[in-house]
Structures are given as structure tokens and as C-alpha cells.
Amino acid sequence: MLKKLLFPTAKQHNTKPYLCRMKILDGKKASQAIKDELKIDVAQLSAEGKKIPHLAAILVGANGASETYIAAKVKACEEVGFISTLIRFEETISEAKLLAKIKELNNDPDVDGILVQLPLPKHISDEEVINSIDPDKDVDGFHPVNIGRLMQGLPTYIPATPYGIMLLLEHFKIETSGKHAVVIGRSNIVGRPMSVLLSSNTYPGNCTVTICHSKTKNLNDYCLQADIIIAALGKPEFVTADMVKEGAVVVDVGITRVEDSTRKSGFKLKGDVAFDEVAPKCSWITPVPGGVGPMTIAALMKNTYHSCITKN
Ligand code: GUN
């Protein structure tokens, strides 16, 4: 959808307000299309008497954001027709008990995908937990075996956020070949796998990729050279208009809760990009919320579906 928008905030940045031809990378719309396809595929499995995908999700403690993400994952399972099991543990659960539960799920032939919502309490090692999940059921794609396969360009479970971004670029037919992509952030969950995917010999892909991080000098100079910016550093409104080239594609992975007493929830969600001032310069941009977030869920659903059909 082509949007003609007047951005009055442009005034604050010493540029004239102008009509721009920026388009929204609408993650709600793209994720709905993916879920609609999956729903048909699941109905087909059911009609053929085949196994229905089953996702087991583990939530430890009661972190507000994690509760929201897990609820969205369970709801998406219902929407597409998967079976889901949500296993909740108290914040104080021991690592040994959590590992025992994962072992049980690894050995349960009915379970196709296992995810343990991060972050975990400090007394539990993320690494031990991730390494204990059967790589064939690791629909988050965090296990070293799956990360290694990703590095080698082999079929694998791609971590949901970078996979969701690739699906979003594909859905809106964004040109990526030969483009310079700047990924801001080097996390194992987003930045690193994103850089591998964007540089791979695929579509979307074939980008020249620069990874920037907290120690990068002259970060603005790299960003100004970018045709595609992936902002994944977790700092609200870090990317400002002076860092973005005219016509750039900007993907905002950030989703930070910031206090807002005017809202019933007491917070609002902010991305890593100062949307109002950056959007007028972009050819395409993701909103927050409604951009990368829903795509992450759709990607997880795709991984779970594939886990089921390859094992059964
Ligand atoms: N916490 C933040 N993102 C993710 C994710 O993609 N998977 C899991 N399991 N936890 C997360």
C-alpha cells in the first residue's frame, strides 16, 4: 500500500514538511498471509489423517513482556490449527528440574517443537538450557548445531526474528541483491544470524553486510551508506533522521516498554528507530508495533510446521 503522508514533525528537524512516498512494511498483513497459508496446510494434514504440529512452550517466572510474547505464540498456534502446550514454572525452579522437563519433551514423539522463552532467571544458564533441546525440535533455531547449519547455508531452523525479517522483505518484494545492509546489534538471537542471512546467496540476500555494535566508531557514517538498516540494539529511538540515507529501507527490531502514565497498561512500546523523523526519508519502514513482532511469530509457526512434516 502506497502511503502519502505529511509529517509535521519534519519541521523540528530543520527540513520542510513534505509529501513523501514512504511505504509501510506491514508485518501484521504479511504475517496474516503466512498464517492463512499454514492454516490451509494444517487442514490438509488433518484431512489426510496425518499428525498435527505440536509446539511446547516453557515460561519461567512472570516477566511481563515474556508473558505477552508467550500468549501471542499460543494464540498463533490456535489460529493456524496447531496443538500447543504451555508449561509454566516458578521463577525459583532449579536448572536441573527445567532440564529434566526439556528431556521429557525431547523424548515425547507428539511434541514437534520446543521453545524456552528467554530471558531466564539469573540462576539458570541460557546456554545449558539451549544446548539441552533436541536440535531437531529446536524451532527457535538457537542450538549450536542449528546455528552451525545456518552458517554453512544448510537447511535448518532459522531463529524466528531474522527469519521473520527475511519473510517480510520477501513478502514486499524488497530488492536486496548488491545492496549495502547495516545491521546494528550483534546478538545471537538477531544481529549475527541476520548478517549471515542477508549476505547469503539467496533471495532475500546477496547484500554486502556491515555489523555495527556498541564499540563501532563513526556509526553514523556506516548508517548513512546503508541501503538497508536493521536496527536491533534495544535502545529506544536510537536511529535518528541524520543517520539515514534518502530512500533507505529501515527495519526496526526494537520493542522496548517505556513508561506512559496516559495508558491503561502504564507503558507504550518504542522501537529502536525514531519513526516520525526517519520515515519521511525511507522508501520502506517497519512500524512498532505491527512490523517485525508479528513476523517473528509467523516464522516460529513455519519452523514448527516444518519440524512436524519432516519427522512424520
Ligand atoms: N526472547 C526474545 N526473543 C525470543 C525468541 O525469539 N525466542 C525465545 N525463546 N525467547 C525470546
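Everything numeric in this text was worked out from a predicted model, so none of it was measured. Computed from heavy atoms alone, side chains included, the values below leave out hydrogens, waters and symmetry copies. In listed order, ligands and their atoms are each counted from 1.
- Here the shortest heavy-atom pairing between Leu167 and Met295 reads CB-CE, 3.8 Å.
- Applying the salt bridge (charged side-chain N to carboxylate O under 4.0 Å, His left out) criterion to Glu67, with sequence neighbours excluded, gives Arg88.
- Not a single salt bridge (charged side-chain N to carboxylate O under 4.0 Å, His left out) links Glu170 to another residue, sequence neighbours left out.
- Residues forming a salt bridge (charged side-chain N to carboxylate O under 4.0 Å, His left out) with Asp260 (at least two apart in sequence, or on another chain): Arg263.
- Protein residues with any heavy atom under 4.0 Å from ligand 1: Lys73, Leu115, Val116, Gln117, Leu118, Asp140, Phe142.
- Contact check on Glu79 versus Lys35 returns a salt bridge, with a Lys/Arg side-chain nitrogen under 4.0 Å from an Asp/Glu carboxylate oxygen.
- For Lys311, the NZ atom counts as densely surrounded, since its 6.0 Å shell holds more than 12 non-hydrogen atoms of other residues, nucleotides or ligands.
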